[in-house]
Amino acid sequence: MTTNSLKERTITGLIWNAIERFMVQGGQFVIRIMIARMITPAEYGLIGMVAVFLVLSDVIINGGFSQALIQKKDRSDLDYSTVFHINFVLGLMIYGVLYVLAPYISEFYSDNRLVEVIRLISISIVIKSLSVVQIAKLSIELNFRLKTFVNFWAVLISGVFAIYLAYMNYGVYALVYQAISYSAIVTILMFIVSRWRPKLQFSFTRTKELFNFGSKVFLAGLTGVLSDNSYSILIGRLFTSKEVGFYAQGRNLPDLLSVNLFNVLQGVLFPVMAAAQDDRERLLKIYKKSLDMTAFIVLPCMVGLVVIAEPFVRLFLTDKWLPSVFIIQWLALSRMIIPLGAINANLLNAIGRSDLYLKIDLIKLPLTIIGLFISAPFGLKYMVISNFVISIFYFFINAYYPGKLFGYGAVKQLKDMSLVFIATLLMFLSTYFISFDGGFIDIILKVILGAVVYMLCCAMLKVNALWEVFNYAKEKMNKNRQKGGA
């Protein structure tokens with residue numbers, strides 16, 4: 001594959017993957033806002049308590065073997081079928097474990113309602129396991145347009161169903177049945193639109209090959225999820241379901257932006273970097289440009305979220321959710337680091353060094369636990385602030401091996417991103433203290449003013465990523481004109 005072809009496929013993949021992720025997660029976010037207006041924070045908190053187990057299940061099913069398929073150069077139908085059968089068995093095993101453990105989890109959180117919630121929502125895990133290989137195959141082919149189609153309809157249908165259930169006073173079960181129906185629709189549509197079908201074949205040799213790489217990615221993902229969700233676990237244990245509801249709702253908007261940017265980058269840049277793993281110079285070029293573009297997009301988005309958090313909650317979630325504003329603001333700052341860390345992690349995985357990726361996540365977990373136990377006695381707000389402080393340490397830890405292997409560590413990365421930091425700070429100072437109606441007008445004015453100030457600052461500071469965007473848009477317009485002229 002030529003450099004231009006790889007660049008074109010990367011940009012196209014990023015665009016479609018971004019559309020898919022934000023269409024899907026944005027749709028789910030809108031649906032959850034509508035449901036949150038109809039249920040209490042305490043009911044919403046029940047899903048927050050269960051969410052960590054669903055995320056862990058996703059890591060087990062989606063993690064190691066899926067990433068190993070993407071990283072492998074000479075994949076065959078035998079590889080795909082082997083991973084399909086492994087995932088299905090894992091899905092059944094996870095469901096069985098959660099079904100048995102449901103009463104104990106309920107006792108841990110001191111809420112008997114969780115038993116039925118866990119046993120019902122865990123059905124989605126088994127259903128989801130049947131579509132993992134098809135999704136991985138589309139990622140390998142950078143066919144994110146098809147993924148967008150499938151996920152759009154799954155979100156739309158399951159979302160309308162959930163809103164109806166919430167309106168009919170099903171409470172927390174509206175969210176439970178949404179998760180189940182979403183997984184079912186994605187799986188059905190994947191089997192309809194995908195050209196690949198699993199075969200009755202399995203290879204222990206291929207399993208071992210894939211496991212050598214995938215096991216490290218899986219363990220790294222597992223420790224990462226435990227690290228990130230340890231806050232949810234401890235908050236659920238120490239505080240009421242109402243406070244868990246505020247925390248869960250406070251995570252939604254920062255996660256919508258940051259985690260989905262992470263997933264976009266993970267889904268596109270990992271296969272692209274893997275394709276360039278034998279060309280060190282090209283790989284490093286892709287890596288640096290990825291970091292520049294990520295900082296250019298992520299920093300203003302997350303700081304902008306800090307600025308509009310309060311009027312957003314008042315307008316869309318109503319005043320009963322105002323305690324979540326503080327959580328949104330501090331988690332937005334914390335989540336700025338996640339996509340940047342994703343680039344560093346993808347670089348290690350792309351060159352087959354999943355052992356280093358695992359080592360990094362194993363180092364981060366004790367830091368999280370220390371931060372939790374220091375901040376927990378002071379209350380929920382201090383726990384959220386500690387999350388931000390620890391995320392700063394995470395950035396330096398994630399950047400250590402890229403610095404050692406490629407000579408591009410944390411200091412050089414921060415230096416290259418410094419102009420974006422300055423532009424973002426000026427944007428924040430120009431918008432944060434503006435207040436009109438505390439609602440819709442505030443949001444619109446702050447977003448427009450913030451965008452204008454940020455772009456002007458980037459132009460005056462000559463931020464490279466801005467000119468990359470302009471040049472790409474110009475190239476696209478010229479190509480379209482040429483096609484139109486022909």
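Sequence positions, counted from 1, serve as the residue numbers for this chain.
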Main chain of Pro41, side chain of Lys320: is a donor-acceptor contact present, judged purely on distance under 3.5 Å? no
Write down the atom of Val115, the atom of Ser106, and the distance for their closest heavy-atom approach. CG2-CB, 3.5 Å
Would you give the length of the straight line joining atom CG of Leu238 to atom CG of Leu234, rounded to the nearest 0.5 angstrom? 4.0 Å
Quick one: closest heavy-atom pair of Ala295 and Tyr454, and the distance? O-OH, 4.5 Å
To the nearest 0.5 Å, tell me how far Phe161 CZ sits from Ile180 CD1. 9.0 Å
Side chain to side chain contact (heavy atoms under 4.5 Å, CB included) between Arg32 and Tyr44: does it pass, once the steps are laid out? CA-CA 10 Å; Arg32 289 189 176 186; Tyr44 200 92; 3.7 Å; yes
Apply side chain to side chain contact (heavy atoms under 4.5 Å, CB included) to the pair Phe246 and Val325, showing each step before the final yes or no. CA-CA 9 Å; Phe246 290 135; Val325 170; over 6 Å; no
With sequence neighbours left out, which residue pairs that include part of residues 161-177 fulfil the side-chain hydrogen bond (donor to acceptor under 3.5 Å, both in side chains) condition? Glu116-Tyr173
Is it true that a side-chain atom of Ser181 and a backbone atom of Gln178 form a donor plus acceptor pair closer than 3.5 Å? yes
Here the pair of heavy atoms bringing Leu426 nearest to Cys457 is CD1-SG, 3.7 Å
Give a yes or no answer on whether the side chain of Thr187 reaches the backbone of Ile127 with a donor-acceptor pair at less than 3.5 Å. yes
Atom OG of Ser129 and atom CZ of Phe84: how far apart are they, to the nearest 0.5 Å? 7.5 Å
Distance in Å, Met302 CE paired with Leu331 CG, rounded so as to fall on 0.5 Å steps: 8.5 Å
Short side-chain to backbone donor-acceptor contact, Gln329 and Val306, under 3.5 Å: yes
Sequence neighbours left out, what passes salt bridge (charged side-chain N to carboxylate O under 4.0 Å, His left out) with Asp292? Give chain and number order. none
Would you find a donor on one side and an acceptor on the other, under 3.5 Å apart, between the side chain of Ser324 and the backbone of Ile327? no
With sequence neighbours left out, the residues meeting salt bridge (charged side-chain N to carboxylate O under 4.0 Å, His left out) with Arg335 are Asp228, Asp255
Working to the nearest 0.5 angstrom, can you tell me the gap between Ile185 CD1 and Met190 CE? 13.0 Å
When you check the side-chain N and O atoms of Gln413 and Asp416, is any donor under 3.5 Å from an acceptor? no
State, to 0.1 Å, how close Pro300 and Met427 come at their nearest heavy-atom pair, and which atoms those are. O-CE, 3.6 Å
Roughly how far, to the nearest 0.5 Å, is the CZ atom of Phe440 from the CG atom of Leu445? 9.5 Å
Donor-acceptor check, side chain of Thr424 to backbone of Val420, threshold 3.5 angstrom: yes or no? yes
Check the surroundings of atom CE in Met38: do more than 12 heavy atoms from other residues, nucleotides or ligands lie under 6.0 Å from it? yes
I need the minimum non-hydrogen distance between Ser131 and Val186, along with the two atoms involved. OG-CG1, 4.2 Å
Report, as yes or no, whether the 6.0 Å neighbourhood of atom CZ on Phe239 holds more than 12 heavy atoms from other residues, nucleotides or ligands. yes
Heavy-atom nearest pair, Gly159 first then Ile31, reads CA-CD1, 3.2 Å
